[in-house]
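Written below as structure tokens is the structure these notes are about.
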Number of protein chains: 2
Amino acid sequence: MRQETLREHNLSLIARTVMTAPTPPSRADVATATGLTRATVSRLVTELIDGGLVAEDAPLTAGAAGRPAIPLRPATGTVGALGLEVNIDYLAARVLDLSGRVLAEATRERDLRGSDPGPVLSELGTLGIEIADTATAGGIRLAGTGLALPGLLRDDVLLLAPNLAWTAVTPAALLGGPIPGGRLHLGNEARFAAGAELAAGSATDSFLYLSGSVGIGAAIVHGGEIFAGEHGWSGELGHVCVDPAGDTCRCGATGCLETYAGSAALLRRAGLPEGARPPDLVDALAAADPGALAAVHSAARALGTAVGAFINLVDVSEVVLGNSFAPLTEYLRPELERELTVRVLASRWAPPQVRASVAGDRPALTGAARAALAGVTEDPSAWLSRAR
Amino acid sequence: MRQETLREHNLSLIARTVMTAPTPPSRADVATATGLTRATVSRLVTELIDGGLVAEDAPLTAGAAGRPAIPLRPATGTVGALGLEVNIDYLAARVLDLSGRVLAEATRERDLRGSDPGPVLSELGTLGIEIADTATAGGIRLAGTGLALPGLLRDDVLLLAPNLAWTAVTPAALLGGPIPGGRLHLGNEARFAAGAELAAGSATDSFLYLSGSVGIGAAIVHGGEIFAGEHGWSGELGHVCVDPAGDTCRCGATGCLETYAGSAALLRRAGLPEGARPPDLVDALAAADPGALAAVHSAARALGTAVGAFINLVDVSEVVLGNSFAPLTEYLRPELERELTVRVLASRWAPPQVRASVAGDRPALTGAARAALAGVTEDPSAWLSRAR
DNA sequence: AGGGATAAGTTCAGCAGCACAACAAACCCT
DNA sequence: AGGGTTTGTTGTGCTGCTGAACTTATCCCT
């Protein structure tokens with residue numbers, strides 16, 4: 001580490017402290033949190049404020065003795081990023097600023113299974129540029145664009161998106177036009193969603209995020225960091241084997257979790273008519289439909305087997321149910337928790353906790369935008385010199 | 001990060017670069033590897049040499065033009081650490097120096113299943129102090145002691161070692177006498193062994209290390225770092241469910257991998273007589289005993305199911321077979337690789353590689369000592385000021 | 001054998017960035 | 001109003017890195 005990077009490091013440290021603090025901290029709070037002196041923090045905070053990354057709130061005059069502290073928070077309306085998402089049944093674009101405020105958004109509902117990547121990504125690109133323009137017209141500077149995709153990525157290529165039936169797609173080329181904010185960050189849908197969950201102020205910074213859909217993705221969040229694995233292909237929970245004697249999955253293996261708890265499998269097993277959608281399952285459960293209840297219970301057991309393995313292997317004991325799993329949380333919970341208690345070796349000392357996601361609608365979209373914004377927070381010096 | 005820590009950080013960076021380099025680097029090599037200037041490296045290296053952490057080799061006069069480089073390597077015979085291990089069938093102690101040389105060692109073979117922790121740890125403590133004394137008599141300064149245990153640890157307590165049938169043991173108290181080198185580092189056997197594998201110069205720095213024994217432990221090594229999980233309980237591969245309809249395991253769940261591929265299960269399934277030991281199984285396999293082959297093949301399939309889940313979840317694609325698995329590698333390989341190819345979603349793009357461990361005998365013992373030595377490498381300033 | 005080329009390691013002046021302490025500001029409490 | 005308390009700012013000093021020049025040691029070519 002060189003001397004110049006010391007400054008960059010501290011600038012980033014302070015920026016991250018302000019961005020992730022549960023409540024707006026004063027300069028003095030930041031100093032004690034980071035171990036830097038008030039003098040250093042003060043100098044660097046001034047720079048962040050001038051650069052439009054941090055803003056001062058009105059001093060809180062209430063309470064204790066002493067000069068009132070000036071709370072610091074992420075700036076609003078100065079720096080933003082565009083999030084894009086292609087998923088099984090929609091395209092979407094959203095612009096966030098550093099404070100997490102949504103500045104513009106658009107969604108196109110559409111069944112994209114088996115679609116042609118070219119026109120779909122071209123439409124998404126156009127949608128993204130429109131949305132980005134409305135935001136930049138409001139005075140926002142864009143730091144980049146994130147694109148969430150439900151599949152395996154390598155560098156700039158989507159190798160495989162099983163449920164879209166896309167292979168070897170290069171999104172950057174197909175989006176068309178310039179990328180808003182310059183750089184394009186590709187990422188897995190579940191991992192981006194987990195990032196949004198983390199930012200949404202979940203109390204803990206270590207959890208397993210499960211993204212239910214036709215496929216089942218997952219993300220490992222450990223100490224506030226998202227673990228991507230060697231190639232960025234971690235979290236393929238849907239293809240964990242829960243019974244070697246089970247049905248053959250589209251992937252070629254037998255007894256994959258997806259064949260029990262993927263949304264398509266779940267609807268079929270619940271005996272719902274062809275063309276039913278996840279909300280119909282929730283309705284059937286609310287009406288205590290026996291077929292639906294049986295399907296969800298067997299899905300919960302299968303999920304428990306797979307997630308039990310997950311926890312035994314990575315030792316992260318909070319489980320967040322996201323996407324199509326979220327509305328099923330209370331139906332899944334009893335069997336899921338029972339299975340985890342039995343199967344997780346350490347459950348006696350750290351009982352796995354199950355809860356629904358709190359990240360809001362389309363978390364992967366938010367996560368994609370945040371991933372682009374993270375570039376600014378991680379290296380404020382680069383952004384500040386670029387902004388100048 | 002404060003200014004003083006910049007120096008500490010760079011000192012540690014240089015120390016780690018020298019320690020982990022595949023071939024002894026010159027000061028100039030270190031400078032390019034770390035991005036520091038030659039001037040800074042030179043100054044800090046002098047300090048490391050004076051402190052006895054690094055040594056100069058004889059200049060290599062061979063080859064290229066220019067002043068010959070002075071190779072730098074970990075010092076021998078100056079700083080060491082004591083590794084201790086309690087396992088199912090032995091106690092052991094070993095002293096290593098920074099270069100990885102074994103300076104003293106002792107082993108006591110003994111069946112410790114169901115033993116009383118007090119006398120066992122007391123004996124180990126005495127053994128450790130003896131071994132440590134022979135090393136310090138040779139002029140070594142000890143940096144600490146590591147203790148490898150086959151179970152779940154929390155802080156200084158061994159919560160559960162299923163195969164020893166130990167619960168709630170506090171080793172620091174039971175070892176008796178002063179801890180050689182001061183601080184005691186407790187750690188899981190599989191994770192310490194993985195550390196030794198990493199140090200043994202495996203070509204890759206990302207792999208899953210599987211430690212076969214009566215139980216089956218594992219460790220996740222990613223980018224040269226060992227992933228411990230939230231509480232340090234990651235890698236409990238033995239209790240991953242490979243068939244919900246399988247036998248009931250000692251842990252209470254059904255179909256755990258351990259009931260297929262744990263060494264006790266394997267010997268029983270191979271039809272070997274009561275009291276047989278793992279080498280007997282290798283002999284039976286070499287003699288093409290059909291029962292032994294069948295048992296190993298079904299173990300390989302079960303292992304493939306569990307490790308396939310592991311790879312799908314954490315995306316680390318090299319699998320190192322250690323401990324009792326190592327001599328079985330070539331018998332396990334065909335079925336294991338077939339299973340992984342089918343079950344790992346990304347196997348087409350990153351085919352999982354299976355290989356035997358190269359870390360040598362009792363790797364956890366080496367890993368325990370290295371863990372204590374890592375304290376010196378990670379924070380050389382603290383060691384240097386302590387040494388003064 | 002001698003001179004040029006090349007690369008490693010060292011020296012030293014200069015500078016960037018943090019620490020420390022003193023100070024000013026703003027509020028509370030009595 | 002005055003003392004106490006905490007926040008934020010200011011300026012001096014010091015630590016530790018940088019960059020360039022310099023020394024050292026070897027190779028290679030003529």
Side-chain angles (χ1 to χ4, degrees), chain A residues 1-15 17-18 21 23-50 54-73 380-381 384-385, chain B residues 1-15 17-18 21 23-50 54-73 380-381 384-385:
Chain A
M1 175 169 294
R2 320 185 31 138
Q3 181 145 28
E4 197 186 340
T5 56
L6 178 57
R7 180 195 182 72
E8 290 169 16
H9 181 269
N10 284 337
L11 210 49
S12 163
L13 181 62
I14 292 173
T17 305
V18 172
T23 166
S26 67
R27 289 167 174 79
D29 293 337
V30 172
T32 54
T34 58
L36 297 163
T37 61
R38 286 198 316 248
T40 304
V41 170
S42 206
R43 184 168 47 81
L44 295 177
V45 161
T46 317
E47 223 167 303
L48 291 173
I49 291 174
D50 291 348
V54 165
E56 292 185 326
D57 259 354
L60 284 145
T61 65
R67 174 173 170 174
I70 304 172
L72 301 172
R73 54 168 179 77
S381 320
L384 294 177
S385 59
Chain B
M1 175 170 293
R2 318 181 34 135
Q3 182 145 25
E4 195 186 340
T5 56
L6 177 58
R7 179 194 182 73
E8 289 170 16
H9 180 269
N10 283 337
L11 209 50
S12 162
L13 182 63
I14 291 173
T17 304
V18 173
T23 166
S26 67
R27 289 168 174 76
D29 293 336
V30 172
T32 54
T34 58
L36 297 163
T37 60
R38 285 198 316 244
T40 305
V41 171
S42 207
R43 184 166 46 81
L44 295 177
V45 162
T46 315
E47 223 167 305
L48 291 173
I49 291 175
D50 291 347
V54 165
E56 293 184 330
D57 259 352
L60 285 145
T61 66
R67 173 172 172 175
I70 304 171
L72 301 171
R73 55 168 180 76
S381 321
L384 295 177
S385 59

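Residue numbers begin at 1 in each chain, while the letters A, B, ... track the order of the sequences.
Taking 4.0 angstrom as the limit, Arg38(B) places none of its side-chain polar atoms (N or O) nearer than this to OP1 or OP2 of dT11(C). Using a 4.0 Å cut-off, no side-chain N or O of Ser42(B) falls inside it from OP1 or OP2 of dA8(C). OP1 or OP2 of dC17(D) has not a single side-chain nitrogen or oxygen of Thr37(B) nearer than 4.0 Å. The side chain of Asn10(A) places no N or O atom within less than 4.0 Å of a non-bridging phosphate oxygen (OP1 or OP2) of dG17(C).
Taking atom CG of residue Leu44(B) and atom C1' of nucleotide dT18(D), one finds them 13 Å apart after rounding to whole Å. Distance Leu6(B) CG to dG16(D) C1': 7 Å, rounded to the nearest Å. dA8(C) atom P lies 20 Å from atom CZ of Arg43(B), rounded to whole Å. In this entry the distance linking CD1 of Ile14(B) with C1' of dG16(D) reads 12 Å, nearest Å. One interatomic measurement links the two molecules: CG of Leu72(A) to C1' of dT7(D), which rounds to 12 Å at whole-angstrom precision. Rounded to an integer number of Å, the gap from CZ of Arg7(B) to P of dC18(C) is 17 Å. The distance from atom CD of Glu56(B) to atom C1' of dT10(C) is 13 Å, rounded to the nearest whole Å. Nucleotide dA8(C) holds its C1' atom 5 Å from the CZ atom of Arg67(B), rounded to whole Å.
Across all strands, Ala69(A) comes closer than 4.0 Å only to sugar-phosphate atoms, never to a base (heavy-atom distances). Using a 4.0 Å heavy-atom criterion, one finds that Thr40(B) contacts the bases of the nucleic acid, with or without backbone contacts as well.
Side-chain contact between Arg7(B) and Glu47(B): present, with at least one pair of heavy atoms (C-beta onward) separated by less than 4.5 Å.
Pro71(A) and Ala58(A) get closest at one heavy-atom pair: CD-O, 3.4 Å. Of all heavy-atom pairs spanning Val41(A) and Arg27(A), the tightest one is CG1-O, 3.6 Å.
Not a single donor-acceptor pair under 3.5 Å links the side chain of Thr5(A) to the backbone N or O of Glu8(A).
Taking only side-chain atoms of Ala28(A), from C-beta outward, the nucleotide of dC17(D), dG8(D), dG9(C) with the closest atom is dG8(D).
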